[in-house]
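Written out below as structure tokens is the structure these notes cover.
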There are 2 protein chains.
Amino acid sequence: MEIDNFIEFKSSPQIREKLAEYGISKSFKEGDIILKENSYINSIPIVKSGSIRVMRTDEDGREILLYYIKSGESCIMSFLGGIHNDTSKVKAIAEEESEILFIPIEKVSLLIKEYPEWLDYIFRLYHKRFEELLEVVNAVAFKKMDERLLNFIKKKCELTMSHNLYVTHEQLAKELGTVRVVVSRLLKQMEFEGHVKLGRNKITLL
Amino acid sequence: MEIDNFIEFKSSPQIREKLAEYGISKSFKEGDIILKENSYINSIPIVKSGSIRVMRTDEDGREILLYYIKSGESCIMSFLGGIHNDTSKVKAIAEEESEILFIPIEKVSLLIKEYPEWLDYIFRLYHKRFEELLEVVNAVAFKKMDERLLNFIKKKCELTMSHNLYVTHEQLAKELGTVRVVVSRLLKQMEFEGHVKLGRNKITLL
DNA sequence: TACCTTATGTGACTTTGGTCACCTTTTAGC
DNA sequence: GCTAAAAGGTGACCAAAGTCACATAAGGTA
């Protein structure tokens, strides 16, 4: 059995109240950049609705998807970075329209001391992120592009509970850390082999 | 500036005492396997002396180095896994002769509640490991083998404060997630370019 | 010294994936 | 309907790295 894939912050009414008191809520549109690399962090985000994708960027502009932050989750990198007064090593982008609550770092430390559930929440998140990162390492180090691409499509489809995925090849390429031509080529091959059906802005999993 | 590269567990005498009381100390020789993939975790290791290398293994036997656990540090993966009653996703091997203190998971949770410094220690470690994992992702996703190899050799040399590295090409290949032939080839090229000097079981950085 | 074992060197070849160039298709907006 | 922008298709080519096969070399030891 897998560890719970969905980590919800089952907060007591007290914490909710505190969070609402300490935090500032902001809205983001799809594609909005929430956090840039190398920027200082002084608050941690909790995703109230929507989802965020966290990318690692290379010096020469190439990117790769690390993981998604879904509704109810927080960005653990921010948390660590914030606590140790470090800069962000990743970029966070709104995957869809999202509502995010920002909690100042000092308040976070405070909450940890006061509410043990909060600490548990953070440990769970860490654990999840760590495993996701290991999966990325695994994929990049040992898997071929076609397998990674197919896995990625499957995962995305599972997430939206649909057989249709609405993305461009360019987007897929970015998230997998490669280029459009490669994705197009592999997708065509996959279509030929009967794994998918292609359309403009659309991939149907068979 | 970088965040402190050396994370020491500056424990109060009280914690040291508790640790000695709760923990079991074991010795490992170079190459001993401390933790296998998929094994259940019921205690977390603290490295008293020596160092451990943590590897990720693929289903078909290929491996890649994730990071080292040095003296004074703990294995954060174990900690998370242990707390959530999960199995290990990584393999840990003694890099040299090492002395390790194993603390049962229940006691760890207890210590966290009692001693805030301990929590801080854990957060620091997490942060460090996270950044190291990001570096691995970066390297594997975007760097070419020759660059990775040279970086790896440099890092190893820094660690031992020497210009000589005593490893076989086979070992290097394992840690970088490739095969011996590739390493030999690249090393020869690097020797030709004057970056290193090669010997049997020995690489000298110039 | 003779004989293994382990480590390394290397040529030949293949696969994967990145690069370039240019074409075709689709769609939104006028 | 016309047109530009965006998305996708494709051939040609190249470099990196994995695979295979076999040749050497360096040390250890009976």
Side-chain angles (χ1 to χ4, degrees), chain A residues 30-31 57-65 136-153 156 164-193 195-204, chain B residues 30-31 58-65 136-153 156 164-204:
Chain A
E30 183 183 336
T57 324
D58 195 41
E59 304 94 54
D60 23 286
R62 281 182 300 184
E63 299 185 317
I64 189 168
L65 173 74
V136 174
V137 170
N138 219 71
V140 177
F142 303 126
K143 305 295 181 195
K144 278 183 286 181
M145 222 33 182
D146 52 353
E147 191 182 343
R148 288 179 57 202
L149 182 56
L150 192 53
N151 278 341
F152 189 74
I153 292 171
K156 277 252 196 185
N164 294 317
L165 191 57
Y166 299 91
V167 281
T168 67
H169 299 180
E170 181 71 43
Q171 283 173 269
L172 285 173
K174 278 262 169 193
E175 310 212 4
L176 289 167
T178 179
V179 288
R180 201 222 84 214
V181 194
V182 172
V183 171
S184 293
R185 190 157 56 203
L186 292 174
L187 281 176
K188 249 311 172 237
Q189 180 61 21
M190 282 162 55
E191 184 176 43
F192 178 70
E193 288 168 358
H195 298 300
V196 294
K197 196 175 168 314
L198 302 179
R200 187 189 169 89
N201 271 321
K202 180 179 174 186
I203 297 170
T204 310
Chain B
E30 183 183 336
D58 194 42
E59 303 95 54
D60 23 286
R62 280 181 302 185
E63 298 186 317
I64 188 168
L65 173 74
V136 173
V137 171
N138 220 70
V140 177
F142 304 126
K143 306 295 182 196
K144 276 183 285 181
M145 220 38 191
D146 53 353
E147 191 182 343
R148 288 178 57 203
L149 181 56
L150 192 53
N151 278 341
F152 188 75
I153 292 171
K156 277 252 195 184
N164 294 318
L165 190 57
Y166 299 91
V167 283
T168 66
H169 300 181
E170 181 70 44
Q171 283 173 269
L172 285 173
K174 279 261 168 195
E175 309 213 4
L176 290 166
T178 180
V179 287
R180 200 222 86 214
V181 193
V182 172
V183 170
S184 292
R185 191 157 56 204
L186 292 173
L187 281 175
K188 250 307 171 239
Q189 181 60 22
M190 282 163 56
E191 183 175 43
F192 177 71
E193 286 166 1
H195 298 300
V196 294
K197 195 174 167 314
L198 303 178
R200 188 187 170 90
N201 272 319
K202 181 179 176 188
I203 297 170
T204 309

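Protein chains get the first letters and strands the later ones, always in sequence-line order, with residue 1 at the start of each. Just the heavy atoms: all of them, side chains too, but no hydrogens, waters or symmetry mates, feed the values below.
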Solution key, residues 178-187 of chain A side-chain donor-acceptor pairs under 3.5 Å, sequence neighbours excluded:
residue  : atom : partner  : partner atom : Å
A:Arg180 : NE   : A:Ser184 : OG           : 3.3
A:Ser184 : OG   : A:His169 : ND1          : 2.9
A:Ser184 : OG   : A:Arg180 : O            : 3.3

* To do: State the CD1-CD distance between B:Ile203 and B:Glu191, to the nearest 0.5 angstrom.
  => 10.0 Å
* **Distance (rounded to the nearest 0.5 Å) between A:Lys174 NZ and A:Ile64 CD1** => 12.0 Å
* Covered region of DNA chain D, 5' end to 3' end, by chain B [heavy atoms, under 4.0 Å] -> D:dA16 to D:dA26
* To do: Could you walk me through whether A:Lys156 and A:Ile153 pass side chain to side chain contact (heavy atoms under 4.5 Å, CB included), step by step?
  => CA-CA 5 Å; A:Lys156 277 252 196 185; A:Ile153 292 171; 5.7 Å; no
* Smallest separation among heavy atoms of B:Met190 and B:Leu150, with atom names -> CE-CD1, 3.2 Å
* Structure fact -> Smallest heavy-atom separation, A:Leu176 atom then A:Arg148 atom, equals O-NH2, 2.8 Å
* Asked: Hey, does the side chain of B:His169 come within less than 4.0 Å of C:dT6's phosphate (OP1/OP2), counting only N and O?
  -> no
* Structure fact -> 5'-most contact on DNA chain C (nearest-nucleotide basis), A:Gly177 vs B:Thr168, goes to B:Thr168
* Could you give me the CA-CA distance, side-chain angles and deciding distance for A:Glu193 and A:Gln189, then say whether side-chain hydrogen bond (donor to acceptor under 3.5 Å, both in side chains) is met? => CA-CA 6 Å; A:Glu193 288 168 358; A:Gln189 180 61 21; 2.9 Å; yes
* Please give, in whole Å, the distance from C:dT6 P to B:Leu172 CG? -> 19 Å
* **Contacts of A:Asp58 that satisfy side-chain contact (heavy atoms from CB on, under 4.5 Å) - sequence neighbours left out** => A:Asp60, A:Arg62, B:Asn138, B:Phe142, B:Lys143
* Can you sort out the partners of A:Asn164 under side-chain contact (heavy atoms from CB on, under 4.5 Å), two or more places apart, ordered by chain and number? => A:Ser162, A:Tyr166, A:Lys202, A:Thr204
* Scan residues 178-191 of chain B against DNA chain C and write down, sorted by residue number, each residue with any heavy atom closer than 4.0 Å; if none is found, say none. => B:Arg180, B:Val181, B:Arg185, B:Lys188
* Hey, can you pull the residues of residues 140-148 of chain A with a non-hydrogen atom under 4.0 angstrom from DNA chain D? -> none
